[in-house]
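Atom set for the values below is all heavy atoms of this structure, side chains included, hydrogens, waters and symmetry mates excluded. We name chains A, B, ... by the order of the sequence lines, and we start the count at 1 in each one.
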Number of protein chains: 2
Amino acid sequence: MDERVPRDFETLRTTILDRRASLPKRIAQIAAYALDNPDDIAFGTAASIAASAGVQPSTLIRFAQQLGFDGFTSLQQVFRERLRERNSSYDERLAALRAKAEEGAGHRAIFDGFVAAASTSLSDISRALNDVHFEEAVDLLAKAETIYVLAKRRSYPVASYIAYALGKLKIRNQLIESAAGLNAEMIGFATPRDAVIAISFSPYAPATIEETRSIAEQGVPIVAITDSSFSPLAQFAKVWFEVAEADFGGFRSISATMALAMALTVAVGEKRRDTGRKRKA
Amino acid sequence: MDERVPRDFETLRTTILDRRASLPKRIAQIAAYALDNPDDIAFGTAASIAASAGVQPSTLIRFAQQLGFDGFTSLQQVFRERLRERNSSYDERLAALRAKAEEGAGHRAIFDGFVAAASTSLSDISRALNDVHFEEAVDLLAKAETIYVLAKRRSYPVASYIAYALGKLKIRNQLIESAAGLNAEMIGFATPRDAVIAISFSPYAPATIEETRSIAEQGVPIVAITDSSFSPLAQFAKVWFEVAEADFGGFRSISATMALAMALTVAVGEKRRDTGRKRKA
DNA sequence: GTCAATATGAAATAATAATTCCAATCCATA
DNA sequence: TATGGATTGGAATTATTATTTCATATTGAC
């Protein structure tokens, strides 16, 4: 009765590993399954788990009892507890960061806020990015003779990074800046054999939209990075990405956009190398 | 039947928040409880949850139905799914991303690699940033008449962001770009009452170093963001930050630098507002 | 090869939990 | 303040799920 029943997942794990050798075949089978698929144990029903592991429900219960639990249900508690704790680590850290940031404890809080916003944005885009769109965009850009990069204001840093990286990769590109006021002329040079990366977020810089429209009308294919399907950029684009950036204190992060931009650039570089190699071969 | 039922937690959350105002009292009560204690919903039974939230089990079911689910059980699935996805602790998720990136499965891997690099950089800097240095930098910059921003190549996007944000905050600043070749003259205008943010990473752009040296010799205080104590920038700076950016495929992330830059900028903005207010009062 | 001990499968049973239903209550409106 | 509709509480019902039981199979010792 007061047998030493494992109360936390780590102890349980060790116990199972220790006894592994001496366990009967089916019990060993469920033991292995349990350690490999702890989530399934946490959420499944005795019957569903047993089925997945290829044993009978009763075996599952015997397994639990052999470990000192009085049934499957109490064994399951341990697996659930693990999820609760696990989960809290990352989320809570972020939440703590955000909380500290929001309660405004000095300037450090501002920094924490931006780190939290950036982290959130990254994990969002990591989930949301569409592989197919990404491939399409890479294809499209890899075929271009010249890649035009178009962005103003808040998005301009991203554009300047893309231009820098493309240059490093020896890919011909043209950053459309407004400094010299020659944008219209620059855009005039683009042909359908080129391509454009256009970046703009709400409130969309009118110049970006205008220039995107006019370059689209010349038949130049456009890859857009923007923030919603209502974005004016979306309608001009062959491929477009929706990037939801978290904000802090009214300043939106650009880390997700940046990561996407870097990935696009490097992927285009790789694609070109591959194509070049094949052509030679 | 084919009502749009929220399938993931975020959608569900938004849906609930949207309708909150129009929900009856008890339903609203359980809605609030659900968003506050998502783990309890994931693991509890209808009865136990209802008890914790102070309502009847039937209310819980009505709540689920009102959201379009056909019962509590299907609502609970969403809460469980959330745990599963988030479950893998942050580090594990990162490790998975990195692994996927390294095994090189297509272009998606490149994207994953950059997201992983950015996340790593962020969590590193979050740990490493020195509060005292941060405060010093903010003080120094807040007092400046004009903030000069100095960075080339890979760091230039950060500089351009700083310039943009400072502009938005109505803080006088001057981005030192090389376009017109008038950098030396620009630098000549700086006085000890101004300040500089200089950013450079190995291999340090010679122009950045040269310009930083010459501006330092004029007695202008410098805040440097760089990557090691051996950096030539460090010796010229009043305050300097060491930012270790992770890289992927030879391209280093700039997300940590970016977060720091944003934080510095906004903190300076706040500091100025505060000081301004005090002066008036 | 036989026997006993152990392990396993399958179905019956008990327990638990979700859902439904109906009466009571609350609330807005005339 | 009376009336109809919406909301809620609580018990009854239904469903699902864990557990037990027992027959059968397997294993190892003699």
Query raised in the report: For the pair made of CZ in A:R62 and C1' in C:dT8, what is the distance, rounded to whole Å?
Result: 6 Å
**Report entry** Touch class at under 4.0 angstrom, heavy-atom based, for B:I27 against every strand present
**Finding:** sugar-phosphate
Requested in this report: Let me know the distance between CG of B:D70 and C1' of D:dT16, rounded to the nearest Å.
Outcome: 15 Å
Requested in this report: Send over the distance from B:I61 CD1 to D:dT7 P, rounded to a whole Å.
Outcome: 17 Å
Query raised in the report: Between D:dT26 atom P and A:Q29 atom CD, what is the distance in whole Å?
Result: 15 Å
Query raised in the report: Would you call A:K238 and A:D139 a salt bridge, using N to O less than 4.0 angstrom?
Result: no
Query raised in the report: Could you give the CG-to-P distance, from A:L60 to C:dA7, as a whole number of Å?
Result: 17 Å
Query raised in the report: Only one of B:I27, B:L12, B:V78 forms a side-chain contact (heavy atoms from CB on, under 4.5 Å) with B:L67, so which one is it?
Result: B:L12
Query raised in the report: Where the side chain of B:T45 is defined as all heavy atoms beyond and including C-beta, which of D:dT8, C:dA10, C:dA17 is the nearest nucleotide?
Result: C:dA17
Report task. Please report, rounded to the nearest Å, how far the C1' atom of D:dT14 is from the CZ atom of B:F72. Result -> 17 Å
Query raised in the report: Does a salt bridge link B:D18 with B:R13, judged by any charged N lying under 4.0 Å from a carboxylate O?
Result: no
Query raised in the report: The side chain of B:R26 lies closest to which of these nucleotides: C:dT20, C:dA10, D:dT8?
Result: D:dT8
Query raised in the report: Quick one: does A:N130's side chain have a donor or acceptor within less than 3.5 Å of a partner on A:H133's backbone?
Result: yes
Query raised in the report: How long is the line joining CD of A:Q66 and P of D:dT19, in whole Å?
Result: 15 Å
Report task. For B:I30 and C:dA18, give me the distance from atom CD1 to atom P, rounded to whole Å. Result -> 12 Å
Query - Closest to side chain of B:T73, choosing from D:dT21, C:dA18, D:dT7 - result: C:dA18
**Report entry** D:dT20 phosphate, OP1 or OP2, under 4.0 Å from A:Q65 side-chain N/O
**Finding:** yes
Query raised in the report: Taking the side chain of B:P24 as heavy atoms from C-beta outward, which of C:dA10, D:dT8, C:dT8 is closest to it?
Result: D:dT8
**Report entry** DNA chain D: 5'-proximal contact among B:L23 and B:Q56 (nearest heavy atom)
**Finding:** B:L23
Query raised in the report: The side chain of B:A46 lies closest to which of these nucleotides: C:dC21, C:dA18, D:dT19?
Result: C:dA18
**Report entry** Pairwise 5' ranking along DNA chain C for B:A47 and B:K25, keeping only the more 5' one
**Finding:** B:A47
Report task. Indicate the ring-plane relationship of A:F134 and B:H107, choosing parallel, tilted or perpendicular according to the 30° and 60° boundaries. Result -> perpendicular
Query raised in the report: With a 3.5 Å cut-off and just heavy-atom distances, do the side chain of B:S58 and the base of D:dG10 make a donor-acceptor pair?
Result: yes
